[in-house]
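We number each residue from 1, following the sequence as shown.
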Amino acid sequence: MKKKVLSAMLAGTMALSLLSACGSEKPQNIADVTTGSSSAAASSAAAAPAEKQEMTFVLNNIPDGLDPGVTNNSFAQYVLINCFEGLVTYDETGSLVGGSAESWDISDDGLVYTFHLRDGLKWSDGTPLTAQDFVYSIQRVLTPATAAQYVSMVTGYVKNAQEFYDGTATAEDLGVKAIDDQTLEITLIQPTSYFIDVLSMWVYDPVQQATVEANGDSWTSSPETYVCNGPFKVTGMSLNENVILEKNENYWDAENVTLEKLTFRYILDNSTALTAYESGEVDGIISVPSSDYARLKAEKAGLQVYPSYGTVYYNINCEAEPYNDPLVRKALCLAVDRQALIDNVVQVDAQPAYSFLAPGYSVDGKDITEGRSDYGLSATADVEAAQAALAEAGYPNGEGFPTLKLSYYQDDTVKKIVEAMAEMLKNNLNINVEVSSNDWAIFYEDVQQGNYEVAAMGWSADYLNPMSFLPLFKTGDSSNNSFYSNPEYDALVEQVMSEGDAAAAAELTMQAADLASNDYCCLPLYYKANSFLMHDNITGYYMTASSNLYFKNVVVS
């Protein structure tokens, strides 16, 4: 067996690194790009800890659920990553490290992963957590009735997982075994160099069988039944108002968790949230109003900026008429002025996007997207080319084109983007545009079911590898909400999944991304860094390039 130390990073021997989405030419640790009046990863030694280790952080969207085995909603991540811990996790430098697993081995053929759990792991209710809990949790994800939105992240990698899901394989056939209470074995379909990174996703987090079976789907609805295993536990829930977390005394590293209470408060209006922040009512807010970004940065008002491995884009329903025509999709992509959106609407540091695949992933010191095509797109709108594409699709000067339905979820910044885009599409293509919005849960359900035409979306990588993006447009994948389908693209993605050589995988990745981008599989807008606000007396938090914000090292002074 080949021993892997617990701090093993993304395919460690392949010289890979994550760069800032703004195109930096050298790897950056997360703490290196923090701006504002305080450093997120700064030592608490600079100021004496406060008597009360409590803080309040504002979220601007209500998640569709808090079950790690079910949701793929990024709005849930703040609770999930601070209340649960899988086999591996990320530290403050962005390095992949052991979580519930202290170490792991990988067989010489790259198929069998053996995880050695830490001694004395417990659930938040004090009962023992064992390897069997991970077996149960993965089997639960693979049970169709669970309706796991990330099920493909298991079926695509684990031996006989798809067959188990389909009902043609048994638990004995499934490549997930508890060798003993502290040893978990996972067998893959094929060698996958980045599988360790996939395991950082919350779909692989353990959930307690007893509480799930006793309470059904409602186990996540009450603090009394929300049993978890991370640095914090839920002690309060108020529908649409807040989720209250407190230190989990049964967490394996509880002695190094200083923060005693963390309140996530929901304030959906960004201006109201900013007022609460500037008055000192709350300690931080996740969403910075675009119109205040420059001022807050100049005032050093606690603006924190982190590299983001993600893309802001709009889904185009590739199955719906007339958007199943690549020429129509091309016309939409050409008609949008990305630079105007960045400069006048979003008003943040951003880079115009011409593809769904964000820059920021390097092999041998070179970003794999360097030198790629712009796919005929530009930072500003190309009205002439947009109209020509629409005419070629059979709609000269927009004649006969049905009213375009542009939908979005309720968010101040997204609302401004949609309104600006609607004007651009209407004026540049001479078509009618109808705008509609809804709460996230209803909006996203419609997107998943294909009940939309063009919809606000975006993606931050679930793990630090471009394979986090590729399934978004793979035929039949649960995350493919654009319903784009191209057999050649699918075949390339399959090759990437099984390719062990980093350079070869990068080349295949770009071939796939080029193919889908030339088909205008979505409407890309921009790549940007993540930004949020935090007062100076809060230190120790950190955010990964996947936008996960960790509070387990926080100290309040």
Side-chain angles (χ1 to χ4, degrees), residues 64 72-74 149 152 311-336 338 341 353-357 375 377 386 389-390 392-395 398 400-411 414-415 417-422 424-426 428-429 431-459 469-490 493 512-513 515-526:
D64 61 4
N72 68 351
N73 181 198
S74 61
Q149 296 176 21
S152 64
T311 306
V312 174
Y313 63 85
Y314 276 51
N315 273 353
I316 303 174
N317 190 336
C318 297
E319 280 189 340
E321 293 276 0
Y323 309 100
N324 56 352
D325 186 342
L327 285 169
V328 170
R329 303 196 296 265
K330 179 179 181 180
L332 300 183
C333 292
L334 286 164
V336 173
R338 293 163 177 79
L341 291 175
Y354 311 128
S355 170
F356 66 93
L357 179 61
Y375 312 107
L377 305 179
L390 198 61
E392 188 178 350
Y395 306 98
F401 195 86
T403 297
L404 186 153
K405 296 178 181 178
L406 184 58
S407 55
Y408 69 100
Y409 55 91
Q410 293 177 352
D411 178 275
V414 177
K415 180 176 185 291
I417 293 173
V418 166
E419 290 173 345
M421 284 178 58
M424 293 173 185
L425 294 171
K426 180 179 179 179
N428 294 341
L429 295 175
I431 62 176
N432 292 321
V433 180
E434 178 184 294
V435 174
S436 64
S437 69
N438 221 322
D439 292 335
W440 167 260
I442 299 173
F443 164 83
Y444 191 53
E445 183 177 355
D446 281 339
V447 169
Q448 289 179 306
Q449 294 178 355
N451 298 329
Y452 77 97
E453 294 180 355
V454 180
M457 199 47 64
W459 193 258
F469 289 91
L470 297 184
L472 295 172
F473 301 97
K474 187 174 183 290
T475 304
D477 193 280
S478 59
S479 61
N480 181 358
N481 296 321
S482 289
F483 308 102
Y484 172 78
S485 181
N486 185 323
E488 188 178 350
Y489 177 86
D490 298 342
V493 175
L515 192 66
S517 298
N518 276 316
D519 268 352
Y520 305 99
C521 59
C522 66
L523 201 170
L525 294 182
Y526 56 90

With a 4.5 Å cut-off on side-chain heavy atoms, are [Y] and [X] touching?
| X | Y | value |
| --- | --- | --- |
| Cys318 | Ser485 | no |
| Pro322 | Glu453 | no |
| Tyr354 | Arg338 | yes |
| Phe443 | Ser407 | yes |
| Pro524 | Cys333 | yes |
| Asp439 | Gln410 | yes |
| Leu377 | Leu334 | yes |
| Tyr323 | Leu404 | yes |

Side-chain donor or acceptor of [X] paired with backbone N/O of [Y] under 3.5 Å:
| X | Y | result |
| --- | --- | --- |
| Asp446 | Gly450 | no |
| Asn428 | Met424 | yes |
| Asp490 | Thr475 | yes |
| Arg329 | Asp519 | yes |
| Ser478 | Gln149 | yes |

field: Option among Leu406, Leu390, Leu429 that satisfies the side chain to side chain contact (heavy atoms under 4.5 Å, CB included) test with Leu332
entry: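 With Leu332 as partner, Leu406, Leu390, Leu429 yield a single side chain to side chain contact (heavy atoms under 4.5 Å, CB included), made by Leu429.
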
message: As a test of understanding, state which of Tyr313, Tyr409, Tyr314, Phe356 forms a side chain to side chain contact (heavy atoms under 4.5 Å, CB included) with Met457.
response: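 Single pass found, and it is Tyr313.
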
For [X] against [Y], the heavy-atom pair lying closest together:
| X | Y | value |
| --- | --- | --- |
| Tyr452 | Ser482 | OH-CA, 3.4 Å |
| Phe483 | Glu319 | CB-CG, 3.5 Å |
| Ser479 | Pro471 | OG-O, 3.5 Å |
| Asp325 | Leu327 | OD1-N, 2.9 Å |
| Leu357 | Thr311 | C-OG1, 4.2 Å |
| Cys522 | Ile316 | C-CD1, 3.9 Å |

message: More than 12 heavy atoms of other residues, nucleotides or ligands under 6.0 Å from NZ of Lys474: yes or no?
response: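 Yes, because the 6.0 Å sphere around NZ of Lys474 holds more than 12 heavy atoms from other groups.
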
message: Under the rule for side-chain hydrogen bond (donor to acceptor under 3.5 Å, both in side chains), what residues qualify as partners of Tyr489, not counting sequence neighbours?
response: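 Per chain and number, Tyr489 pairs via side-chain hydrogen bond (donor to acceptor under 3.5 Å, both in side chains) with no residue.
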
Verdict with supporting geometry, Glu488 and Asn486, side chain to side chain donor-acceptor pair (under 3.5 Å): CA-CA 5 Å; Glu488 188 178 350; Asn486 185 323; 5.4 Å; no

Return the [atom1] to [atom2] distance between [X] and [Y], rounded to the nearest 0.5 Å.
| X | Y | atom1 | atom2 | value |
| --- | --- | --- | --- | --- |
| Tyr408 | Lys415 | OH | NZ | 5.0 Å |
| Ser355 | Phe469 | OG | CZ | 9.0 Å |
| Asp64 | Asn73 | CG | CG | 4.0 Å |

field: Worked verdict on Asn451 versus Glu445 for side chain to side chain contact (heavy atoms under 4.5 Å, CB included)
entry: CA-CA 8 Å; Asn451 298 329; Glu445 183 177 355; over 6 Å; no

task: Go through Val328 and Phe401 one step at a time and tell me if the side chain to side chain contact (heavy atoms under 4.5 Å, CB included) criterion holds.
output: CA-CA 10 Å; Val328 170; Phe401 195 86; 3.8 Å; yes

field: Residue pair Leu472, Asp477: steps toward the side chain to side chain contact (heavy atoms under 4.5 Å, CB included) verdict
entry: CA-CA 7 Å; Leu472 295 172; Asp477 193 280; over 6 Å; no

- prompt: With under 30° as parallel and over 60° as perpendicular, where do the rings of Trp440 and Tyr444 fit, or are they tilted in between?
  reply: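 It falls in the parallel class, under 30°.
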
message: Between Leu525 and Leu341, does the side chain to side chain contact (heavy atoms under 4.5 Å, CB included) criterion hold? Intermediate values first, please.
response: CA-CA 8 Å; Leu525 294 182; Leu341 291 175; 3.9 Å; yes

